[in-house]
Chemist: 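This is the structure I want to talk about, given as structure tokens.
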2 protein chains.
Amino acid sequence: MRAAADILRQHRLPVTAQRVAVLSEVSRRPHATADEIAEGVRVELGSISRQSVYNVLTVLTDKGIIRRIQPADSAARYEDRVGDNHHHLVCRACGHTQDVCCAKGHAPCLTAHDHHGFAIDEAEVIYWGLCPACQRKPKR
Amino acid sequence: MRAAADILRQHRLPVTAQRVAVLSEVSRRPHATADEIAEGVRVELGSISRQSVYNVLTVLTDKGIIRRIQPADSAARYEDRVGDNHHHLVCRACGHTQDVCCAKGHAPCLTAHDHHGFAIDEAEVIYWGLCPACQRKPKR
DNA sequence: AAAAGATTTTGACATTGTCCAAATCACCGG
DNA sequence: CCGGTGATTTGGACAATGTCAAAATCTTTT
């Protein structure tokens, strides 16, 4: 992946330390929450306000540089991998999130046959289950 | 649908006015949020505490009597229709939610081909777009 | 180097939920 | 039909995740 600063410039976004750090963090640790990203950025930058993390994540999402996913029972998560058709595997126990390719290329069954007049622009798929680690833990 | 009280008894749940009212409301108005349900129940019962609405919704969900769905950017919504394999169409603008049958019967493509060791128990699909009404409104 | 405009910060506030203890209610047995 | 008992409901505090707005600071550009 190109340097964060270049990506920002390419999108005509003023390059600030906060933006570079947040984007790098999203790239380094996919599927992290805003809070986790803030922590990671603080290691690098010393500090960043909570609001700035949200500001940056919002502008990056709006530009299509990153993607926001919001599984149930979890704060929003962000990822760097955009533009391809991939979905997610989420662990019900620990929230661990993993990318999965769409099962059948162009998702034959992801076009609702009766769309009730909706103008559909995205089919979001989340597979729920237990990750390998949580399967081994004693049930609660 | 059977009377709410019967359903509760069938699941060995003590029948309370709050439970009957909440369950009826979920049944009458599918995809409502906890807050909307509370409002509806108050019309019938005069009052109900916020906590009770959550308590009832939780116990009904745990018993499998209702289902909770949590689309991004929305409070959790509840529905009465359980046990069948249906998904949702959600309007990005107004949040209006509509049921849709799975496009291909038993969802051939809803088994991720590489599940990374996860024990998958559900494939959740949400189609995002604009509902007919919001398509007609001026863009924001 | 300075001006102009955008970004960051700070602190308050909103929404959705959860926790806990006290009061109340539903159901069972006598 | 009436208590007793255990479950449910309530009220109030609290937590997590975001958003809003205004002042301070930084990036870019001239």
Side-chain angles (χ1 to χ4, degrees), chain A residues 3-23 25 31-42 44-63 65-66 68-78 94-95 97 140, chain B residues 3-23 25 31-39 41-42 44-63 65-66 68-78 95 97 140:
Chain A
D6 288 342
I7 296 176
L8 293 171
R9 268 186 284 266
Q10 202 151 30
H11 286 267
R12 307 289 139 85
L13 289 173
V15 176
T16 67
Q18 290 85 345
R19 283 177 175 167
V20 170
V22 167
L23 179 48
E25 188 64 21
H31 310 131
T33 62
D35 228 47
E36 290 165 349
I37 291 165
E39 281 172 36
V41 168
R42 288 195 184 106
E44 228 180 295
L45 246 51
S47 79
I48 189 173
S49 69
R50 202 161 61 101
Q51 185 61 58
S52 290
V53 174
Y54 281 110
N55 287 347
V56 173
L57 290 172
T58 299
V59 75
L60 294 179
T61 301
D62 289 348
K63 290 288 184 178
I65 298 170
I66 62 176
R68 170 191 283 129
I69 57 179
Q70 296 172 257
D73 301 315
S74 158
R77 293 172 183 276
Y78 297 84
C94 70
T97 304
R140 280 174 301 179
Chain B
D6 289 342
I7 296 177
L8 293 171
R9 268 186 285 266
Q10 203 151 30
H11 286 267
R12 309 288 138 86
L13 288 173
V15 176
T16 66
Q18 290 86 344
R19 283 177 176 168
V20 169
V22 167
L23 179 47
E25 188 65 21
H31 310 131
T33 61
D35 227 47
E36 291 164 350
I37 292 165
E39 281 172 35
V41 168
R42 289 195 183 106
E44 228 180 293
L45 247 49
S47 79
I48 188 173
S49 70
R50 203 162 61 103
Q51 185 60 59
S52 289
V53 174
Y54 281 110
N55 287 347
V56 174
L57 290 172
T58 299
V59 75
L60 294 179
T61 300
D62 288 349
K63 290 287 184 179
I65 299 170
I66 63 176
R68 170 190 285 130
I69 58 179
Q70 295 172 258
D73 300 316
S74 158
R77 293 171 184 276
Y78 297 84
T97 303
R140 281 175 299 180

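Just so it is clear: chains get the letters A, B, ... in the order the sequence lines come, proteins before strands, and each one is counted from 1.
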Chemist: Under 4.0 Å between any heavy atoms, over every strand shown, what does A:Asp35 touch: base, sugar-phosphate, or nothing? Just pick one.
Modeler: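 Contact class for A:Asp35: none.
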Chemist: Ignoring hydrogens and angles, are the base of D:dG11 and the side chain of B:Arg50 linked by a donor-acceptor pair under 3.5 Å?
Modeler: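 Looking at the base of D:dG11, it does not pair with any donor or acceptor on the side chain of B:Arg50 (distance under 3.5 Å).
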Chemist: Rounded to whole angstrom units, what separation is found between the CG atom of A:Asn55 and the C1' atom of D:dC20?
Modeler: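 Between C1' of D:dC20 and CG of A:Asn55: 11 Å.
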Chemist: How many whole angstroms separate atom CD of A:Glu36 from atom C1' of D:dG18?
Modeler: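 From A:Glu36 CD to D:dG18 C1': 16 Å.
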Chemist: Check B:Ala5 against B:Val15 and note the closest heavy-atom contact, atom names and distance.
Modeler: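 For B:Ala5 and B:Val15, the tightest heavy-atom pair comes out as O-CG2, 3.9 Å.
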Chemist: Rounded off to whole Å, could you give me the CG-to-P distance for the B:Asp73 and C:dT16 pair?
Modeler: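 Going from B:Asp73 (CG) to C:dT16 (P), I get 11 Å.
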Chemist: Using atom NZ of B:Lys63 as one end and atom C1' of D:dA7 as the other, report the distance to the nearest whole Å.
Modeler: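 It is 12 Å, rounded to the nearest whole Å.
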Chemist: For residues B:Arg77 and B:Glu36, determine if any side-chain heavy atom of one lies less than 4.5 Å from a side-chain heavy atom of the other.
Modeler: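 Yes - at least one pair of side-chain heavy atoms lies under 4.5 Å apart.
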Chemist: Work out how much the helix from C:dA1-D:dT30 to C:dG30-D:dC1 bends between its end axes, five pairs an end, to the nearest 10 degrees.
Modeler: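 Terminal axis comparison yields 30°.
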Chemist: Just the rounded figure in Å: distance from P of D:dT8 to CG of B:Leu45.
Modeler: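 In whole Å, D:dT8 P and B:Leu45 CG are 17 Å from each other.
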Chemist: Treating B:Thr97 as the side-chain partner and B:Gly95 as the backbone partner, does any N or O pair qualify as donor plus acceptor under 3.5 Å?
Modeler: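 Yes; judged by distance alone, with no hydrogens or angles, the pair exists.
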Chemist: How far apart are the closest heavy atoms of B:Ile69 and B:His31, and which atoms are they?
Modeler: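 Looking at all heavy atoms of both residues, the shortest contact is CD1-CD2, 4.1 Å.
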Chemist: First locate atom CD1 of A:Ile48, then atom CD of A:Glu39, and finally report the distance between them rounded to the nearest 0.5 Å.
Modeler: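 It comes to 12.5 Å.
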Chemist: Mind checking the CZ-CG spacing from B:Arg19 to B:Leu8? Nearest 0.5 Å is all I need.
Modeler: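 B:Arg19 atom CZ to B:Leu8 atom CG measures 7.0 Å (nearest 0.5 Å).
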Chemist: State, without any angle test, whether A:Thr61 and A:Thr58 hold a side-chain donor-acceptor pair at a distance under 3.5 Å.
Modeler: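 There is no such pair between these side chains.
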Chemist: So, do A:Ile37 and A:Val41 sit near enough that their side-chain heavy atoms are less than 4.5 Å apart?
Modeler: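 A:Ile37 vs A:Val41: side chains touch.
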Chemist: Check nucleotides 25-28 of chain C for protein N or O atoms closer than 3.5 Å to its own N or O atoms and list the pairs.
Modeler:
residue: C:dA26; atom: O3'; partner: B:Val15; partner atom: O; Å: 3.4
residue: C:dC27; atom: OP1; partner: B:Val15; partner atom: N; Å: 2.9

Chemist: Does B:Ser52 have a side-chain nitrogen or oxygen under 4.0 Å from the phosphate oxygens OP1 or OP2 of D:dT9?
Modeler: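 No, because none of the side-chain N or O atoms of B:Ser52 sits under 4.0 Å from OP1 or OP2 of D:dT9.
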Chemist: From the set C:dG17, D:dT10, C:dT8, return the single nucleotide nearest to any side-chain atom of B:Tyr54.
Modeler: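 So the side chain of B:Tyr54 is nearest to C:dG17.
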Chemist: Would you name the heavy atoms of A:Ala76 and A:Gln70 that are closest together and state the gap between them?
Modeler: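 The answer is CB-CG, 3.7 Å.
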Chemist: Let me know the distance between CZ of B:Arg77 and C1' of C:dT15, rounded to the nearest Å.
Modeler: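 The answer, rounded to whole Å, is 14 Å.
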Chemist: Which distance, rounded to the nearest 0.5 Å, do you find between the OH of B:Tyr78 and the CG of B:Leu57?
Modeler: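 Spacing of OH (B:Tyr78) from CG (B:Leu57) equals 5.0 Å.
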Chemist: Check the distance between C:dT7's C1' and A:Ile48's CD1 and give it to me in whole angstrom.
Modeler: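 From A:Ile48 CD1 to C:dT7 C1': 11 Å.
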Chemist: Would you kindly compare A:Gln51 and B:Arg68 by the position of their nearest DNA chain C nucleotide and give the one closer to the 5′ end?
Modeler: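 Per heavy-atom nearest nucleotide, the more 5' residue is A:Gln51.
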Chemist: Check the phosphate of C:dT7 against A:Arg19, side-chain N and O only, distance under 4.0 Å to OP1 or OP2. Yes or no?
Modeler: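 Answer is yes, contact under 4.0 Å.
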Chemist: Report the distance from atom CG of A:Leu8 to atom P of C:dA6, rounded to the nearest whole Å.
Modeler: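 Checked: the CG to P distance equals 17 Å.
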Chemist: DNA chain C: A:Gln18 or B:Ala34, which has the more 5' nearest nucleotide?
Modeler: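 Whichever sits nearer the 5' end wins; that is A:Gln18.
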